[in-house]
Amino acid sequence: MSGPGPVRIVIVGAGVSGSGVAAGLVRAGAAGGFSATVDLVDPRPSLGAGLTYAPGGDPRHRVNVPSVRMAAATGRTGEEGAEEDFHRWCLERGVLEADPAGWSEGLHYPARSEFGRYLDERLRALFAAAGPVRVTHRRDRAVAAHRRGVGHGKGFVVEIAGGDVAEADALVLCTGNPPPEPPGVLAALGGHPRVVADPWGPGALDGVARDDRVLIVGTGLTMGDVVSTLLGRGHRGPLTALSRHGLVPRPRPPQATSWTDFTADPPTRVGDLLRRARAAVAAAHRAGRPWTDVLESLRLQNGALWSALPPDERRRFQRHLRAWWDVHRFQAAPQVARLVEEAQADGRLAVLAGRLVAARAEEGASGGLWVVHRPRGGDDLVGRSCDALVNCTGAGHGASFGRNAVLAGLAAQGLIRPDRLGLGIEVDRRGRALDAEGRPVPGLFVVGPPTRGSLGEVVGASEIIPHALGVADALAAEALITDSGRVS
């Protein structure tokens, strides 16, 4: 980093990850005496919300954690009362009274857009306060980045879509979850008006008529959101959701407490970890505790457990256990879980297990679609007509390098590389990007979902925020060491 004077930091992306880093830098500056100018580069108008919590979203899309347990994203994690800050904000803004449907078993699960409003309000106040760290939200899109000068430690230049550039001593990539990547079978339908390739796009579901026969590809949390939106709009046509295993997210329990320590002697084989988890569930049952207490232990310890697995075992987890982990780890808010269950019970929604093997546009005036799948465990093929198809296969992490110009450019320069699972960007334990030769790049950090292949589950706010604050602390410590002359 640079010598004495404000450290220049550019953060690409102002969602939970990027805003969390900026918030951590503000807090660290106030406590540690270093100064910095921070540019948050993101075209979205709101801070912290990103795509997941964007204001104006469907109010039926709820956070899957009660308001009293949502993690604070303003750098206050660990402070007394910080973990209930969102709940207090909801009480002050009348959110709970205005949303009686959000209550379940004495807890409130607000709309995700409300959490976005909370983040934006709290972060703007934090960034506006006077202090040694000044944060500027540059509402534009980063289109390229490259190292400034030659050799290590020379910083970076970030090119902005509007034609401006931002120079940085340190660059933090917080690009979040990339848009969904449609399965290869659907490639022939690219651009078809009856195919919703990205259900999170503006007005993505507006073209689905109430009587349409809808095929939803994917049965995870996004499927639940799509079903909630369609049924909330009065959809009458049949809904069918298809995924390889036909698994739907488990409902969120009112309470889960970590109960088992798997990290004292972390398994180095996925099979051993699975056996230990099953044994812990059985022991919990004998002790009168729910399986979700074991899941909470795995969630909190997942970083250490992931780091203990060698690359081949991580691949084995991806192939055989990822689908099962996701539906247990990423639980649905009670309201969404009930809606999906009731829709299945009354025939409005069918959930199928199988593999999509073919898809084409039907000829004639109907303009519909013909899709074919192979049911799980069978050899026969099943074809069906549908009027609309919605891709709910999740974030397209594997395609992020090809679809994000900043990442593609940095990779071409040898400054970053894909992780071994193809899920994102390879980083070390501190979140520093590894170059093409596997060496940490000074001043280049990655935070959030793009690090999941290296660090484990860094997808939910409860995992992202500690990681973001840790990177902020590392940046602050590095700046202080540089200023003291101990590191060049």
Open item on the list: Between Thr219 and Leu247 (side chain of the first, backbone of the second, donor and acceptor by atom type, cut-off under 3.5 Å), is there such a pair?
Closed with: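 Such a contact is found between Thr219 side chain and Leu247 backbone.
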Open item on the list: Strictly distance-based, threshold 3.5 Å: is any side-chain N or O of Glu105 a donor or acceptor partner for the main-chain N or O of Pro254?
Closed with: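 Flag not set: sc Glu105 to bb Pro254 has no pair under 3.5 Å.
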TODO: Only pairs at least two apart or in different chains count here, so list each side chain to side chain donor-acceptor pair (under 3.5 Å) that has a residue in residues 451-469.
DONE: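 Listed by first then second residue: Arg299-Ser462, Arg299-Glu463, Arg322-Glu457, Trp325-Glu457, Arg329-Glu463, Arg452-Glu457.
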With a 4.0 Å cut-off on N to O distance, would you call [X] and [Y] a salt bridge?
{"X": "Arg27", "Y": "Asp473", "answer": "no"}
{"X": "Arg44", "Y": "Asp42", "answer": "yes"}
{"X": "Asp419", "Y": "Arg314", "answer": "no"}
{"X": "Arg124", "Y": "Asp120", "answer": "yes"}
{"X": "Asp140", "Y": "Arg138", "answer": "no"}

- [ ] Assess whether atom CZ of Arg355 is packed by more than 12 heavy atoms of other residues, nucleotides or ligands within 6.0 Å.
- [x]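 Not buried by this count: 12 neighbours or fewer within 6.0 Å.
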- [ ] Assess whether atom CZ of Arg233 is packed by more than 12 heavy atoms of other residues, nucleotides or ligands within 6.0 Å.
- [x]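 Yes.
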Working to the nearest 0.5 angstrom, can you tell me the gap between [X] [atom1] and [Y] [atom2]?
{"X": "Thr229", "Y": "His235", "atom1": "OG1", "atom2": "NE2", "value": "12.0 Å"}
{"X": "Leu230", "Y": "Asp225", "atom1": "CG", "atom2": "CG", "value": "11.0 Å"}
{"X": "Thr263", "Y": "Asn302", "atom1": "OG1", "atom2": "CG", "value": "11.5 Å"}

TODO: Sort out for me which residue in His87, Glu114, His108, Glu84 forms a side-chain hydrogen bond (donor to acceptor under 3.5 Å, both in side chains) with Ser67.
DONE: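 It is His87; the other options fail the test.
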Task: Smallest separation among heavy atoms of Leu107 and Arg69, with atom names - done: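 Nearest heavy atoms, Leu107 then Arg69: CD1-NH1, 3.7 Å.
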Open item on the list: Run the side chain to side chain donor-acceptor pair (under 3.5 Å) test against Asn177 and tell me which residues pass, sequence neighbours left out.
Closed with: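 Per chain and number, Asn177 pairs via side chain to side chain donor-acceptor pair (under 3.5 Å) with His397.
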